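Every heavy atom of this structure was used, including side-chain atoms; hydrogens, water molecules and symmetry mates were not. FYI, the numbering just counts along the sequence from 1. Since we're looking at a predicted model, the values are computed, not measured.
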Amino acid sequence: MFIRGILIVKSSLTAALLLALGLSATPAFAAKPAAPATLAVQNTDAQFKAIYEKEWAWRQTGGGEASEDSDAPANASTLPDVSAQAHQARLKVWDDVLAQLEAIDPTTLSAENQINYAIYLYQVENLADEVRQRTYEMPFNSDSSFWSNLSFMARREMKTAGDYRNYIARLNDVPRYFDQQMVNMRAGLERGFSVPRAVLEGRDVSISTVAGLKDPTESPLYEPLKKLPSSIPAAEQQKLQADARQAISGSVVPAFGKLLTFYREEYVPKSRTTLAAEKMPGGKEFYSQQIREYTTLDLSPQEIHAIGLSEVNRIQREMNTIIDKVGFTGKSPQTRFADFLEFLRTDPQFYAKTPDELLWRAAWISKRVDGVIGKYMTLPRARFTIVPVPPDIAPFWTAGRGGMGTYWLNTYNLPARPLYNLPALTLHESDPGHALQGALAAEQGEQPEFRRYNYISAYGEGWGLYTEKLGVEMGIYQTPYEDFGRLTYEMWRAARLVIDTGVHHYGWDREQAIAYLRDHTALSEHEVTTEVDRYISWPAQALSYKLGEITIVKLRAQAEKELGDKFDIKGFHDTVLKLGSVPLPVLEQQVKAYIEQRKRAK
C-alpha cells in the first residue's frame with residue numbers, strides 16, 4: 001500500500017496479526033471465513049480466556065511502578081521486584097504463555113476473541129522481548145526515571161488507615177528497590193548498555209533535591225498525610241503521620257543519597273560515549289525490537305527515515321502558506337522561514353507571564369473543546385483535571401503530558417512554553433486526546449482488562465496527533481499563529497522519524513539532531529534540546545506518533561471516499577476509540593470492516 005507516495009510493505013508482524021484475525025495480509029479487504037461450529041468456538045474461547053485471565057491476574061501481583069498515568073492498587077505494600085532473577089522468572093511465565101497461544105488456532109476463536117488474541121499476543125511478545133533484551137539494565141532515560149516516578153505514588157487513592165500503612169510500607173521499601181535498580185544498571189554498564197553520557201549532565205538534580213531534604217513534610221511524598229480522612233481516629237492519624245515522616249527521613253532520603261553517589265561517581269563516568277542504539281552490543285536487534293514495539297509495524301529504519309523526509313517536505317509547504325498569509329517578509333527571501341521562527345520564539349505576545357496564566361489558557365481551550373466535542377465522538381463519563389508538572393521533574397519534562405484523569409502542564413521556564421503551541425498541546429493531552437481515549441478504553445467493560453488498561457504507543461500517540469489536526473475542523477485554532485503552532489507540532493513529530501533513525505541508525509551526532517529540529521520547528525530552544533536528548537536516550541518511542549497518525553488519517557480518507565454520503569465522522573471516531581489501544585494492523589482491519597458494514601447499511 002502507499003502512504004503519501006511512499007511504499008510500505010506489509011511484513012511478518014503485520015501478516016501475523018492479520019492472520020490472527022483470520023484475514024489475508026493483502027491490502028484488499030477480505031471476507032471472514034465461515035464461522036466454525038458454535039461448541040468448538042466456545043471451547044477455544046474458554047481455553048484462550050483461561051490463559052489470559054491467569055496471566056493477567058499474576059501480572060497484577062508484581063507491585064507496579066508509579067507513573068503519571070497509574071500506580072499499583074492501594075493494597076500494594078511493596079515496590080516491584082526488579083532483580084534480574086525476578087525478570088527471568090517473568091520471562092519463563094511469558095514464554096510458557098506464548099507456547100500456549102501458539103497451540104491455539106486463532107481462526108477457531110469467536111470474532112471478538114480473534115481481536116483479543118492479536119492484541120494479547122502482541123502484548124506478551126513485547127513483554128518477553130523486553131526481558132530478553134535486558135532493557136531493565138537501563139531503567140531510565142533523559143525524560144523519565146524510576147526515582148522521579150516515585151512522587152506519583154502520592155496521587156494514589158487512599159481511604160482507610162490500611163491504605164496509608166501500605167503507602168508507608170512502600171516508602172520504606174525504597175532502599176531495596178533502588179539497590180536492585182543499581183545492580184541492574186551496573187550490569188548494563190559492564191556490557192556497554194547504558195544511557196549515553198552526552199545526555200546525562202544535570203539529570204541528577206531530581207535525585208539531589210530529595211537527597212538533600214531536611215524536613216520530610218516538604219517532600220511531595222508526605223502530601224497525602226497532610227489531610228487524612230476524618231474516619232481515621234485522631235491518635236491513629238498522628239501515628240500515621242509520624243511513621244510517614246520517619247519513612248521519608250529514614251528510608252527515602254538515604255536511598256536517594258546512595259543513588260546520587262552511584263550516579264555521579266559510577267554511572268556517569270562509565271556510561272557509553274556513543275549515541276546510536278545500534279552501536280551497543282546487540283544494538284541492531286535491540287533497535288529493531290524497539291521499532292516493532294513502539295510502531296507495531298515491521299518497518300526498517302531506512303523506510304521510516306524516508307517517510308519522515310516526505311512528511312517534513314509536505315508540512316514545510318503548509319507552514320510557508322501561513323507565513324504568506326500573515327504577510328511576514330523577514331530580512332530576505334532566503335532567511336524568511338528562520339526569521340519567522342525567531343520572531344515566534346522572541347516576541348513577548350506569545351508567552352504567558354505567570355504559571356497561572358498558562359494554566360488558565362489551557363483550561364479555557366479545554367472548555368471551548370467541551371462546547372463542540374460531542375459532535376465528533378461519544379464522550380466518556382470520566383473527566384480530567386489540569387495540574388502543573390511537579391517541580392522536581394519539570395526541567396527535563398516535555399511541555400505537557402496527559403492520561404486518564406489528568407493533563408500535566410509544564411509551567412517551568414515560561415519563555416520556553418509558547419502560547420501558539422498550547423491549543424495543539426491541549427487537544428493532544430486532554431480531550432479529545434489522551435484523557436478521553438484512556439477514559440473510553442477503561443469504560444469498555446465487555447473487553448478483558450488486559451485491553452482496557454493497556455497502552456500501545458502507536459495507537460495512543462497516533463490518536464493524540466490526529467486530534468491536533470481534528471482541532472481545525474472543531475474551530476479550536478483562533479489565529480494563524482496557533483495554526484502554525486499546530487503545524488510546528490506536526491513537523492516536530494515528522495522530524496522525529498528523521499532524527500530518531502538519523503541518530504540510532506545513520507549515526508547522527510547530537511548537534512546535527514538539535515539543528516534539524518531547531519531549523520524545522522518553532523519549538524523553543526529548551527524544548528529542542530530536551531526533546532533531542534529524549535530521542536537519544538529512548539530509542540524508537542518517538543516513532544510511534546507520526547506513523548500512528550498517518551494510519552488514522554489514511555483510514556479516514558478511505559472511509560470518506562468509499563462511503564460518500566454514508567460517512568459519519570462520529571461513527572468513524574467511535575469505531576476507532578471503542579477498540580481501546582490496539583496494534584495498527586488490528587485498527588486497520590477493524591476500520592475496513594466498519595466501512596464494509598456501513599456500505600451494506602440501508
Side-chain angles (χ1 to χ4, degrees), residues 4 198-199 275 305-353 358 398-400 410 412-425 428 465 468-469 471-472 477-503 506-536 542 545-546 549:
R4 295 194 177 99
V199 302
L275 296 186
H305 196 81
I307 295 170
L309 291 172
S310 176
E311 285 289 276
V312 164
N313 290 334
R314 177 188 61 78
I315 299 164
Q316 182 71 62
R317 292 191 295 270
E318 294 187 30
M319 289 176 136
N320 290 337
T321 299
I322 291 181
I323 298 175
D324 292 339
K325 182 178 180 179
V326 300
F328 186 87
T329 56
K331 298 175 184 176
S332 71
Q334 292 75 26
T335 65
R336 187 179 73 143
F337 186 77
D339 294 340
F340 188 68
L341 297 186
E342 181 64 17
F343 161 65
L344 292 177
R345 287 173 176 146
T346 57
D347 195 301
Q349 69 174 302
F350 298 123
Y351 295 88
K353 295 178 176 58
L358 189 67
T398 51
N410 200 333
Y412 169 83
N413 190 9
L414 289 175
R417 313 295 172 197
L419 295 173
Y420 53 77
N421 288 344
L422 195 58
L425 176 67
H428 184 113
L465 180 51
E468 296 174 27
K469 190 169 292 185
V472 176
Y477 302 101
Q478 296 184 307
T479 70
Y481 301 109
E482 290 181 347
D483 203 27
F484 193 90
R486 172 187 68 83
L487 289 173
T488 271
Y489 265 36
E490 187 178 4
M491 176 68 88
W492 171 26
R493 278 46 166 264
R496 287 174 174 180
L497 303 184
V498 180
I499 295 169
D500 196 284
T501 53
V503 168
Y506 289 108
W508 286 19
D509 60 29
R510 183 171 179 265
E511 288 68 30
Q512 186 177 0
I514 287 173
Y516 192 89
L517 192 58
R518 179 195 297 126
D519 293 347
H520 285 88
T521 72
L523 295 175
S524 68
E525 188 68 19
H526 176 85
E527 289 177 306
V528 166
T529 54
T530 56
E531 284 297 313
V532 167
D533 287 349
R534 172 185 165 193
Y535 313 149
I536 290 171
Y545 300 68
K546 199 72 182 84
E549 181 254 4

Here's a test for you: under side chain to side chain contact (heavy atoms under 4.5 Å, CB included), which of Ile499, Leu275, Asp500 qualifies with Trp508? Ile499
Between Lys325 and Asp483, is the closest basic N to carboxylate O distance under 4.0 Å? no
Salt-bridge criterion met for Arg336 and Asp339 (N-O under 4.0 Å): no
Side chain Ser332, main chain Thr335, donor-acceptor under 3.5 Å: yes
Using modelled atom types and a 3.5 Å cut-off, is there a donor and acceptor pairing between side-chain atoms of Arg417 and backbone atoms of Tyr412? yes
Geometric cation-pi criterion, Arg496 with Tyr545: 6.0 Å, 45°: yes
Qualifying residues under side-chain hydrogen bond (donor to acceptor under 3.5 Å, both in side chains), relative to Thr488, sequence neighbours excluded: none
Are the side chain of Thr501 and the backbone N or O of Val498 linked by a donor-acceptor pair below 3.5 Å? yes
Do Pro418 and Glu527 have side-chain heavy atoms sitting under 4.5 Å apart? yes
Would you say Ile514 and Thr529 make side-chain contact, with heavy atoms under 4.5 Å? yes
Any salt bridge linking Glu342 with Arg345? Criterion: basic side-chain nitrogen under 4.0 Å from a carboxylate oxygen. no
Exam field: side chain Asn313 to backbone Leu309, donor-acceptor pair closer than 3.5 Å: yes
Verify whether the ring centers belonging to Phe343 and Phe328 lie closer than 6.0 Å. yes
Is the shortest heavy-atom distance from the side chain of Tyr477 to the side chain of Glu468 under 4.5 Å? yes
Side-chain contact test, heavy atoms from C-beta onward, threshold under 4.5 Å: evaluate it for Leu523 versus Arg518 and give yes or no. no
Measure from the side-chain N and O atoms of Asp347 to the backbone N and O of Phe350, and report whether any donor-acceptor pair falls under 3.5 Å. no
Keeping Tyr489 on the side-chain end and Leu465 on the backbone end, is there a donor-acceptor pair under 3.5 Å? no
Sorted by chain and number, sequence neighbours left out, side-chain hydrogen bond (donor to acceptor under 3.5 Å, both in side chains) with Asn320 holds for Gln316
Do the side chain of Ser310 and the main chain of Ile307 share a donor and acceptor less than 3.5 angstrom apart? no
Judged by atom type as modelled, is there a donor-acceptor pair below 3.5 Å linking the side chain of His520 to the main-chain atoms of Tyr516? yes
May I ask you to test the Arg486-Val472 pair for a side-chain heavy-atom distance under 4.5 Å? yes
Whether Lys546 and Glu311 form a salt bridge (side-chain N of Lys/Arg under 4.0 Å from carboxylate O of Asp/Glu) is what I want to check. yes
Salt-bridge present (Glu318, Arg314; N to O < 4.0 Å): yes
In sequence, state the C-alpha distance, the side-chain angles, and the governing distance for Arg493 and His428, and then conclude on side chain to side chain donor-acceptor pair (under 3.5 Å). CA-CA 12 Å; Arg493 278 46 166 264; His428 184 113; 3.3 Å; yes
Keeping the roles fixed (side chain from Glu482, backbone from Gln478), state whether a donor-acceptor pair exists under 3.5 Å. yes
Please enumerate all residues that pass side-chain hydrogen bond (donor to acceptor under 3.5 Å, both in side chains) together with Asn413, with sequence neighbours excluded. none
For a 4.5 angstrom cut-off between non-hydrogen side-chain atoms, does Leu487 reach Thr521? no
